[in-house]
There are 2 protein chains.
Amino acid sequence: MKKNSTDKRTRIMNAALDLIAENGFHASPTSLIAKNAGVGMGTIYRYFENKDALIEAIHQETHEKLITEIFSEDSEKQPVRERFIRVFTNLIKYMIRYPHISKFLEQYYNSPYGIDKKREKLSSGDDPFGKLMNYAKSQHIIKNLDNHVLHAIAFGPFIFLLKDHIAGFIQIDDEMIGKIVEACWDGLKR
Amino acid sequence: MKKNSTDKRTRIMNAALDLIAENGFHASPTSLIAKNAGVGMGTIYRYFENKDALIEAIHQETHEKLITEIFSEDSEKQPVRERFIRVFTNLIKYMIRYPHISKFLEQYYNSPYGIDKKREKLSSGDDPFGKLMNYAKSQHIIKNLDNHVLHAIAFGPFIFLLKDHIAGFIQIDDEMIGKIVEACWDGLKR
DNA sequence: GAAAACAGAGTGAATGATCATTCCGTTCTT
DNA sequence: AAGAACGGAATGATCATTCACTCTGTTTTC
């Protein structure tokens, strides 16, 4: 039985993800990450250059997984409204299904890490949402506003609400998801 | 020339506010707060029990100032739509005029402090936005959704956008404010 | 095929850095 | 001069990171 070193790497990443989701970056010492992953502290540094690199790796992986999943059924042949509604709905369901990932990403984007990452994303130009927005604008289906503003109208409400959901103030069910998505679309459409 | 002890208290609070806004909680050591406030480290502990108490005091003060200011012109006699638009517009302008306060509050509400504070607010029931929402719902002017959801639709977009503004990705001018507020209203109204 | 030598993953005590907080000598106020 | 206010070095706690060592599986030697 060959020891798969990916196994330990994964265990470290999962332990860190869980801890950061539950306690935040600053209450997730490497010692605890190592303990929860069932490895020695030194082992973390065999797989990651330092703690930042570990966090970056987790972000990269979760972000990719998220984007892939929520756009999985998206097709340029569908009507724009349908596409928006499907993608938003997927996003919300995903976030609710994987609360630890949501919390991690939320923390990440609210930290100094996140700002730089966003800057990178924007300049590299591979933003599937941006493309969808641009197309919808060219068809005069949604308001002709800066993409940042459209992003805000589309995602702001749910990001806001997610905190309430995670904190336990509300319970988001399928019916509510439908209504939220509709309301966001109302804000977006011409 | 009498040394007013309130003066030092204020200087400490302002220094902490600025540092936290610019660098976050965890890059704002008491030593630096003291230095920027022009006082000794020990002095901070004459005015605040500990660092948490200092942060709570800053929150309390900035939050009160914010609420007072954005509701200053609000009157129950005005039409609901006008009231929403005025209050939102005030909020956005305030946040843009005082970016350090905005950043501080954003950090605060994204930290463990903030969650507890929100819980407190909700149970105490003194939420002027909630009242406005309830009234508008009773008049069938806005969608009949849970207040959390309405809050999210109303404030989510701007909170989201504010980060972009502060990070320098966009420049929010008066025309943009008007459009954002309209879009939020579109999401809210029946 | 057994024993010896090696390789390198894994470990966690030790290190050094950074903080919040305290404590006591100094400075101001009355 | 007494007492309050102040300053900042000292303290003790918490971390990320390192590094000398162990352990296990593999290769070489005879």
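Keep in mind that what you see is a predicted model, and the values were worked out from it rather than measured. Letters A, B, ... are given to chains in the order of the sequence lines, protein chains preceding strands, and every chain is numbered from 1.
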Test side-chain contact (heavy atoms from CB on, under 4.5 Å) applied to A:H26 - qualifying residues, sequence neighbours left out: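 With neighbours one apart ignored, the set is B:H26.
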Partners passing side-chain contact (heavy atoms from CB on, under 4.5 Å) against B:K143 (at least two apart in sequence or in another chain):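 If we apply the side-chain contact (heavy atoms from CB on, under 4.5 Å) test to B:K143, skipping adjacent residues, the hits are A:A183, A:D186, B:L145.
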What is the separation between atom [atom1] on [X] and atom [atom2] on [N], rounded to the nearest whole Å?
X: B:Y47; N: D:dC6; atom1: OH; atom2: C1'; value: 9 Å
X: B:L19; N: C:dC19; atom1: CG; atom2: P; value: 12 Å
X: B:R11; N: D:dC6; atom1: CZ; atom2: P; value: 9 Å
X: A:L54; N: D:dC15; atom1: CG; atom2: P; value: 16 Å

Is it the case that B:Y109 and B:H59 place a side-chain donor and acceptor less than 3.5 Å from each other?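 Yes, because at least one side-chain N or O of B:Y109 sits under 3.5 Å from a partner of the opposite role on B:H59.
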Donor-acceptor pairs under 3.5 angstrom involving side-chain atoms of residues 85-99 of chain A: please list them, not counting sequence neighbours.
unit_1: A:T89; atom_1: OG1; unit_2: A:I85; atom_2: O; d: 2.5
unit_1: A:N90; atom_1: ND2; unit_2: A:I70; atom_2: O; d: 3.1
unit_1: A:N90; atom_1: ND2; unit_2: A:E73; atom_2: OE1; d: 3.4

Under 4.0 Å from OP1 or OP2 of D:dC6: is there any side-chain N or O of B:K8 that close?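 Yes, within the criterion.
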Kindly state which residues belonging to residues 20-46 of chain A come within less than 4.0 angstrom of DNA chain C, counting heavy atoms of the residue only, listed by number.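 Result for residues 20-46 of chain A: A:V39, A:G40, A:M41, A:G42, A:T43, A:R46, sorted by number.
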Under 3.5 Å, which donor-acceptor pairs link side chains of residues 17-25 of chain B to any protein atom two or more places apart or in another chain?
unit_1: B:D18; atom_1: OD1; unit_2: B:H100; atom_2: ND1; d: 2.8
unit_1: B:E22; atom_1: OE2; unit_2: B:H100; atom_2: NE2; d: 3.1

Which residues pass the side-chain hydrogen bond (donor to acceptor under 3.5 Å, both in side chains) test with B:E182, not counting sequence neighbours?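 For B:E182 the side-chain hydrogen bond (donor to acceptor under 3.5 Å, both in side chains) partners, ignoring immediate neighbours, are B:R81.
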